[in-house]
Amino acid sequence: MTSLTQKLSVIVGEAFEAQDLPRELGAVRVSDRPDLCQFQCNGAMGAAKQAKKNPREVAQGIVDVLAADDRFGSVEIAGPGFINLKVSDSYLQAHLSDVQDNIRMGIAMSGGGQTAVLDYGGMNVAKAMHVGHLRSLAIGDCLKRMMRFAGYEALGDIHLGDWGLQMGQIISEFAIRYPQWPYFDANFEGEYSADAPFEYSELEEVYPLASQACKDDEARLELARVATAELQNGRRGYVALWRHFIALSIADIRRNIEPLGIDFEIWKGESDVNDLIPEISDDLKSKGVLEESNGAQVIAVEREGDNKDVPPLMFFKSNGAATYGTTDLATIYDRVKTYPALTHLVYETDIRQNLHFEQVFRAAERAGYADDITLKHIGHGTINGTDGKPFKTREGKAMTFRDMVVACREKADARLAEANLDDDIDQDELDDIAAKVTCAALKFAELSNQAHMDYVFDLDRMTSFEGKTGPYVLYQAVRIQSLLKKAGVDTDGRIDLNITDADRSLALLLTELPDHFDMALKHYSPYVLCDYAYKIAQEFSSFYGNCHILSEEDEAIRTSRLALCALTHRQLVLVLELLGIEVPARM
RNA sequence: GCGCUCGUAGCUCAGGGGAUAGAGCACUGGUUUCCGGAGCCAGGAGUCGGAGGUUCGAAUCCUCCCGAGCGCACCA
């Protein structure tokens with residue numbers, strides 16, 4: 001099945017065709033003027049332009065065809081040539097009955113048989129997660145959920161930042177702190193401990209110190225460079241120590257993301273492609289793609305018609321070392337080999353990496369590594385504070401991810417304490433509710449903004465139960481649950497609907513789901529789903545506030561309204577699920 | 001210098017060729033013998049950064065300008 005606007009577009013398109021006009025002009029969309037009509041088609045004006053005719057006359061020809069169709073309640077011409085449409089209640093009811101019956105509620109399986117790898121999160125070993133990671137995690141996770149629902153085999157890859165100079169910086173810092181450790185004894189031949197001799201907290205603390213020290217002191221930087229090279233050459237002690245870094249970092253990342261319902265299928269890192277680099281290098285050379293430039297080995301990626309300078313991709317630096325361009329290109333090579341059905345490779349990172357990914361994608365194309373694969377970079381902007389500048393703690397430092405979650409949880413706890421929840425909610429359930437409200441507040445605030453834009457992070461606003469927030473949408477979903485429970489009727493199956501004036505706009509809104517889903521997927525835009533979820537919540541709340549359902553005396557209308565509530569709930573839960581937000585049983 | 005993004009109500013943001021530019025917050029007023037009032041209903045509030053242009057029609061497309069942010073090979 002398809003969405004209602006798609007069905008209407010076919011009907012109106014056929015009417016255009018009957019007038020020897022292109023059927024695409026029959027595209028129908030939800031009306032901009034709900035006071036006048038439910039749906040509109042603007043094709044008559046375009047057709048008139050092409051045919052040099054009077055647009056109202058063209059529209060009249062279409063209207064004459066459609067007027068007799070009992071799927072429409074009214075068909076009118078307005079203004080310069082708008083075709084204004086209302087569907088008949090019987091047609092609307094029949095459509096929604098199909099939606100009730102359909103487990104996917106009309107959403108198409110557009111990704112069947114295709115594999116997508118999504119690269120998001122951007123976390124690094126030994127580096128504390130900060131607020132910016134919320135963006136990439138929430139968006140990437142949502143895109144994965146959408147693609148999965150569309151039928152893709154969608155895999156999230158953390159692509160951990162576990163390689164490069166930072167690793168040498170940390171190793172050398174530990175070497176200074178604990179020279180007695182066997183990791184630094186080149187002659188040590190025993191087994192290294194399976195457990196790290198330090199805590200994650202120390203690791204996290206060491207990184208910024210080491211990084212700063214290397215900036216301040218050339219000799220210190222040289223130590224880090226040497227350590228990096230030795231690690232990458234497989235020095236036993238360094239590798240063992242480095243493995244501790246990774247294990248502790250992954251444990252910390254899991255602690256941070258699990259409460260938010262975020263996970264990865266692939267836990268590889270930059271280091272995992274290290275062994276592939278020689279063969280890729282040979283391959284690039286044999287293809288004549290790799291060239292020497294100022295002592296470095298690069299891949300030229302500028303193109304004819306470029307309106308800007310696109311620098312070459314740095315493959316080997318002049319000292320022979322790999323860069324993140326090297327590992328990103330090698331990772332494409334690896335993923336394409338690993339997943340034969342791969343069709344989409346999606347990256348969600350800070351938007352400032354846009355040029356880098358353009359270089360990598362062009363290099364992949366030149367090397368022939370990603371033929372017939374869609375390479376897509378979704379960049380996100382900065383999270384700002386209420387002052388409009390990049391979000392910082394009161395002390396002026398970057399806020400850590402866990403502090404942000406804790407702060408949000410505290411707000412959520414406070415809000416819940418103000419509310420009059422049921423008396424029989426015990427502490428475990430309260431914790432569960434608070435966790436879900438926190439997650440909803442954070443993710444909805446994040447995802448309701450367009451990714452490429454900067455946005456203002458305002459805890460008070462996003463945790464509010466009023467306005468366009470996660471908690472408001474959850475609250476409406478919970479009210480429906482409560483209502484359905486009280487009604488105690490089975491509303492899951494196909495139930496004949498009786499649309500009335502009081503519930504028609506909610507019914508119409510529920511026909512829009514596939515359109516919004518398709519739009520969100522096509523443009524990799526979770527905010528479209530947030531908008532729709534909010535509209536459903538609002539429209540339901542209005543309906544709920546304006547007519548009493550359980551006391552409705554007309555049995556057919558009561559049943560119909562309960563079924564509509566059930567369908568509203570199904571849609572809301574589905575959309576929230578796609579956003580990565582869970583609804584508590586009550587709140 | 002070249003390029004990218006943004007500029008819409010007091011604030012945060014939708015709308016990206018079509019009708020009277022929409023939401024939320026804030027503000028004002030109304031609303032509860034009844035399904036959860038964390039609700040609902042109503043109201044005021046906008047030279048769509050500016051100037052030209054294309055078009056029957058521009059917040060939307062084009063050009064230029066102004067303002068803000070960001071990026072331009074050996075950090076990732």
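Remember, predicted model here, so these are calculated numbers, not experimental data. Lettering follows sequence order; numbering is per chain, from 1. Quick note: numbers below take in every heavy atom, side chains included, and nothing from hydrogens, waters or symmetry partners.
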Among rG24(B), rC35(B), rG39(B), find the nucleotide with the atom closest to the side chain of Lys468(A). rG24(B)
Classify Cys41(A) by what it touches in the nucleic acid, base, sugar-phosphate, or nothing, heavy-atom distance under 4.0 Å. nothing
Check every strand shown and say whether Ala78(A) touches a base, only sugar-phosphate, or nothing at a heavy-atom separation below 4.0 Å. base
Could you check whether Asp531(A) gets within reach of a base, just the sugar-phosphate, or nothing at all, counting any heavy atom under 4.0 Å? sugar-phosphate
Which part of the nucleic acid, if any, lies within reach of Val298(A) when heavy atoms closer than 4.0 Å are counted: base, sugar-phosphate only, or nothing? base
Give one of base, sugar-phosphate or nothing for Asn319(A), where a contact means two heavy atoms less than 4.0 Å apart. nothing
Any His516(A) side-chain heavy atom under 4.5 Å of Val575(A) side chain: no
Counting any heavy atom closer than 4.0 Å, what does Met45(A) reach on the DNA or RNA strands: base, sugar-phosphate only, or nothing? base
OP1 or OP2 of rC6(B) sitting under 4.0 Å from any side-chain N/O of His452(A)? yes
If you look at every strand shown and take non-hydrogen atoms under 4.0 Å, does Ser318(A) touch a base, only sugar-phosphate, or nothing? base
Between the side-chain atoms of Gln40(A) and the base atoms of rA19(B), is any donor-acceptor pair under 3.5 Å? yes
Taking 5.5 Å and 30° as the limits, would you call Phe82(A) and the base of rA19(B) a stacked pair? yes
Within the structure shown, what part of the strands sits under 4.0 Å from Ile549(A) by heavy-atom distance: base, sugar-phosphate, or nothing? base
Starting the side chain at C-beta, find the nucleotide from rG36(B), rA73(B), rG24(B) nearest to Pro311(A). rA73(B)
Categorize Glu270(A) for me: base, sugar-phosphate, or nothing, with a 4.0 angstrom heavy-atom threshold over every strand shown. sugar-phosphate
Rounded distance (nearest 0.5 Å) linking atom NZ of Lys485(A) with atom CD1 of Ile480(A): 15.5 Å
Side chain of Arg352(A): nearest nucleotide among rC35(B), rG18(B), rG71(B)? rG71(B)
Within the modelled atom types, does a donor on one side and an acceptor on the other bring the side chain of Thr327(A) and the base of rA76(B) under 3.5 Å apart? no
By the 4.0 Å heavy-atom rule, please label Ser293(A) as base, sugar-phosphate, or nothing. base
Counting the atoms with a prime plus P, OP1 and OP2 as sugar-phosphate, which does Asn354(A) contact under 4.0 Å by heavy atoms, base, sugar-phosphate, or nothing? nothing
Selection from rG15(B), rC40(B), rC13(B) that lies nearest to any side-chain heavy atom of Val456(A): rC13(B)
P atoms of rG71(B) and rU28(B), separation to the nearest Å: 43 Å
Would you mind telling me which of Ile253(A), Ile250(A), Leu160(A) makes a side chain to side chain contact (heavy atoms under 4.5 Å, CB included) with Val125(A)? Leu160(A)
Side-chain donor or acceptor of Ser541(A) under 3.5 Å from a matching atom on the base of rG39(B)? no
Residue matched to rA14(B) through Watson-Crick or wobble contacts both under 3.5 angstrom: none
Among rA14(B), rG3(B), rA38(B), the one nearest any side-chain atom of Asn307(A) is rG3(B)
What is the nucleic acid contact for Val310(A), judged by heavy atoms within less than 4.0 Å: base, sugar-phosphate only, or nothing? nothing
Quiz item: Asn84(A) side-chain donor-acceptor pair to rA19(B) base, under 3.5 Å: yes
Compare side-chain N and O positions of Lys308(A) against OP1 and OP2 of rG1(B) and report whether any pair is under 4.0 Å apart. no
Tell me what Leu484(A) touches on the nucleic acid: a base, only sugar-phosphate, or nothing, going by heavy atoms under 4.0 Å. nothing
Donor-acceptor pair under 3.5 Å, Lys49(A) side chain vs rG57(B) base: yes
What does Phe316(A) touch in the nucleic acid at a heavy-atom separation under 4.0 angstrom: a base, only the sugar-phosphate, or nothing? nothing
Euclidean distance for P, rU33(B) against rC6(B) (whole angstrom): 50 Å
Salt-bridged, Asp531(A) to Lys468(A), with N to O below 4.0 Å? yes
Using the rule for Phe, Tyr, His and the six-membered ring of Trp, do His548(A) and rC35(B) stack at under 5.5 Å and under 30°? yes
Where the side chain of Thr323(A) is defined as all heavy atoms beyond and including C-beta, which of rA73(B), rA76(B), rA23(B) is the nearest nucleotide? rA76(B)
